[in-house]
Amino acid sequence: MKNARVTTVAGVMDREGIHERPLSTMRGHDVITIDPTKSFQSILGFGAAFTEAACYVLGQMPSDQQSWLFGQLFGNKGAKLNMGRLSVGASDYSRACFSYDDVVNDTSLEHFSTARDEQWVIPMVRRALEEAPSLFLLASPWSPPGWMKTGGSMRGGWMREEFLDVYAEYLVRYLDAYRTSGIPIQALTVQNEVETDQLGKMPAAYWHPDLESRFVTQYLVPKLRTMDWRVMIWILDHNYAMWPRVDWMLNDGHLREAIDGVAFHGYQGEASMMTLLRDRHPTINVYWTEGGPDLGPGYLTDWCRWGETFTGALRNWARCIVGWNLALDEQGGPNIGPFSCAGMVTVQQESHQVSFSGQYWAMRHFSSYVERGAQRIESTELEGIANVAFRNPNGDIVLVVTNSARTGRDLQIQSGDHRVGVRLEPMSMTTMVFD
């Protein structure tokens, strides 16, 4: 890292977006030391969820506005998002509660169909693939068909053991249908949020950890191998605080061999719990697969909150950051569930005017500059300053810094014998790229 070869992308966030300005060579009082010789996890990418609600909202936009927005989300001159999450059947952010086979006891899956997705979801994913051909797609079921569970409803209940084989076939048919549509799915979780039924207010299901393990090792993975598909299997897909469940499950060597990693949400617990799991299982991959903003006074400007959240996950081994709904309307809809969320972007129902959330701007500070295959590298922590550093495949060093204080701060960045200075604006995020 030499002063003369510093390329600067210092972003002070406001409602207009990212402003670029040069790094100074001033002497700061605080120092972040970057050590590229100490590396951690490789980065898979950044993105958000293509829920049916999000795809419906995007699909209502006039073609010119839609093209502009997809450029801002996925284009090389925008946020360069390169990951997306799909719901297998309905989630709480769908326009109705449905599975791909709602005919009770149809164990032959004669009535299986993904035709509903062809109206909104599949066209919007294809549109994203036009902007980002290397888009990595993760799929998560919110519930098996109701007739496979106790209670007979998609809204809550426990998965029944006698339907494990047919449910594995159900998921394989889903993957095959999308593959046939030109949309390959690279990763699959067994169940979104395995330890809640959300009080029966939305598509959800409980899975006992024994059942989840046996489903993966004895039913799902064998079927995928028969198809000769390389689909990553991730378990849990739930909160940090549930890491002990996974710790216990990974004592099963057959399960460890069958899965690629563990998906976490940030709603309960601390990001450091992912490191607790990694300390006990050093070869396991961890992924951050859900978290989104709420409508309210801070929606447009809470980039520091999200900068700190993303930094915490990445410093604790997360290989990706995948937010919740990519887009919703100004009322946080469509929504059939009990939770009030907002999209990464908001699209007005009548005018189709777009508002970018603080989460979007925070995501862009990472996604625009940290490439797939980058390695997280060592950077010292400072009190009151969240930071995380990466080395891109081309050797460039990227440092993302969040200053949530209401006062500015002078900072020095050091690597080896080289040092440069930067002024952190109040309540700002700054991304620096060093050749």
Side-chain angles (χ1 to χ4, degrees), residues 47-61 84-103 111-128 137-149 151-157 159 167 170-171 173-175 177-178 181 183 185 188-194 196-205 237-238 265 267 289-295 322-347 349:
F50 290 90
T51 58
E52 185 182 73
C55 292
Y56 173 78
V57 167
L58 293 169
Q60 301 301 300
M61 300 181 74
R85 187 176 180 219
L86 299 163
S87 62
V88 182
S91 71
D92 47 327
Y93 279 84
S94 294
R95 302 185 71 215
C97 188
F98 67 93
S99 79
Y100 300 123
D101 192 340
D102 289 323
V103 178
H111 299 279
F112 179 93
S113 174
T114 57
R116 182 185 177 95
D117 290 358
E118 294 171 5
Q119 185 173 11
W120 304 113
V121 178
I122 288 174
M124 292 302 99
V125 175
R126 284 177 177 155
R127 183 66 188 85
L137 291 170
L138 156 71
S140 301
W142 264 244
S143 173
W147 51 271
M148 297 185 188
K149 302 188 301 175
S153 170
M154 287 189 65
R155 297 175 184 262
M159 181 64 189
Y167 188 49
Y170 175 94
L171 293 177
R173 291 198 187 189
Y174 166 80
L175 296 172
Y178 267 72
S181 297
I183 302 173
I185 292 171
L188 178 70
T189 67
V190 175
Q191 168 67 43
N192 174 72
E193 300 184 344
V194 292
T196 181
D197 67 354
Q198 302 293 3
L199 302 177
K201 295 182 178 180
M202 57 177 270
D237 214 2
H238 210 169
H265 301 177
Y267 301 119
T289 56
E290 188 181 307
D294 299 315
L295 288 173
V322 180
W324 191 202
N325 295 280
L326 187 60
L328 293 174
D329 64 29
E330 69 272 25
Q331 297 176 347
N335 177 10
I336 63 169
F339 300 111
S340 176
C341 299
M344 182 178 289
V345 301
T346 293
V347 181
Q349 295 179 75

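Residue numbers start at 1 and run along the sequence shown. For clarity, every value in this text was computed on a predicted model and none was experimentally measured.
- Annotation: side-chain contact (heavy atoms from CB on, under 4.5 Å) contacts of Ser113 (sequence neighbours excluded): Ala115.
- Here Thr196 pairs with Glu193, Gln198, His238 under the side-chain contact (heavy atoms from CB on, under 4.5 Å) rule; sequence neighbours left out.
- Partners of Arg155 under the salt bridge (Lys or Arg N to Asp or Glu O under 4.0 Å) rule, at least two apart in sequence or in another chain, do not exist in this structure.
- Residues forming a salt bridge (Lys or Arg N to Asp or Glu O under 4.0 Å) with Arg95 (at least two apart in sequence, or on another chain): none.
- Taking Pro338 as the reference, Lys201, Met202 meet the side-chain contact (heavy atoms from CB on, under 4.5 Å) condition, with sequence neighbours excluded.
- Trp142 pairs by the ring pair (Phe, Tyr, Trp, His ring centres under 6.0 Å) definition with Trp324, not counting sequence neighbours.
- Side-chain N/O atoms of Glu290 and Tyr267 include a donor and acceptor closer than 3.5 Å.
- Under the side chain to side chain donor-acceptor pair (under 3.5 Å) criterion, Asp294 pairs with no residue, sequence neighbours left out.
- Under the salt bridge (Lys or Arg N to Asp or Glu O under 4.0 Å) criterion, Asp237 pairs with Arg85, sequence neighbours left out.
- Remark: Glu330 pairs with no residue by the salt bridge (Lys or Arg N to Asp or Glu O under 4.0 Å) rule, at least two apart or across chains.
- Applying the ring pair (Phe, Tyr, Trp, His ring centres under 6.0 Å) test to Tyr178 and every residue at least two apart in sequence or in another chain returns Tyr174.
- For residues 115-126, every residue pair satisfying the salt bridge (Lys or Arg N to Asp or Glu O under 4.0 Å) rule, not counting sequence neighbours, is listed here: Glu52-Arg116.
- Without hydrogens or angle criteria, Thr51 side chain to Ala54 main chain gives a donor-acceptor distance under 3.5 Å.
- With sequence neighbours left out, Arg173 forms a side-chain contact (heavy atoms from CB on, under 4.5 Å) with Leu109, Phe112, Glu169.
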